[in-house]
Visitor: 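Before we start, here is the structure in question, set down as structure tokens.
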Amino acid sequence: MSRTKSVATLTPRQRLARGLTYSAVGPLDVTRGAVGLGVQSAGSSAAWLRDRYRSGAVRRDLEAAREALVAELTAAQEAIAALPGALPASVRTSRKVRRRPRPVVLAAAGVAVLAVGAVTFSIVRRSTQPDPSPLPPSVDVTPKP
């Protein structure tokens, strides 16, 4: 029975070629990595500066929007303050307000339902358990040493 080797042995020439390849590729990878980190750092710095510039512009835009919003809210408050005098009395009294049940009432109803369910469960469980026998046990209860 012959066994084949799973790892092929390298010839000295192949070993030399592999060593030179990795010796040449190693410093190249280090250089490429360092250059890549420098480029990423420069891009990150540029993005940070761009964001700082935009945040100043955004701050100015937000200030203008806030001033416009304050003016709109002031106008809306004035219109709402004048509204009750503009509505006729018949419109104000004809509308019936429909109330929703209060949370306390809902909580009390939930507790009542749970209590009824617990009592029902207790009664059903007791009725399904067999009654104990009045006869003495047929097997000796105390173990013998």
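We number each residue from 1, following the sequence as shown. Just so it is clear, the model here is predicted, and its values are computed rather than measured.
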Visitor: Please name all residues satisfying side-chain contact (heavy atoms from CB on, under 4.5 Å) with Arg126, sequence neighbours left out, ordered by chain then number.
Guide: Ser122
Visitor: Tell me who clusters with Val119, hydrophobic residues only, linked when side chains sit under 4.5 Å apart either directly or through other members.
Guide: Ile123
Visitor: I'd like to know if the side chain of Thr120 reaches the main chain of Val116, judged simply by a donor and an acceptor atom lying under 3.5 Å from each other, with no hydrogens or angles considered.
Guide: yes
Visitor: Taking Ser41 for its side chain and Gly38 for its backbone only, find out whether a donor-acceptor pair lies under 3.5 Å.
Guide: no
Visitor: Considering only Ile, Leu, Val, Met, Phe, Trp and Tyr, and joining two whenever side-chain heavy atoms are under 4.5 Å apart, list the other residues clustered with Val104.
Guide: none
Visitor: Hey, is the main chain of Val70 close enough, under 3.5 Å, to the side chain of Thr74 for a donor-acceptor pair?
Guide: yes
Visitor: Apart from Leu69 itself, what residues make up its hydrophobic cluster when side-chain heavy atoms of I, L, V, M, F, W and Y under 4.5 Å apart count as a link, directly or indirectly?
Guide: Leu73
Visitor: Listing request: all side-chain hydrogen bond (donor to acceptor under 3.5 Å, both in side chains) pairs with a residue in residues 62-71, at least two apart in sequence or in separate chains.
Guide: Glu63-Arg66
Visitor: Taking salt bridge (Lys or Arg N to Asp or Glu O under 4.0 Å) as the test, write out the residues that go with Arg60, two or more places apart.
Guide: none
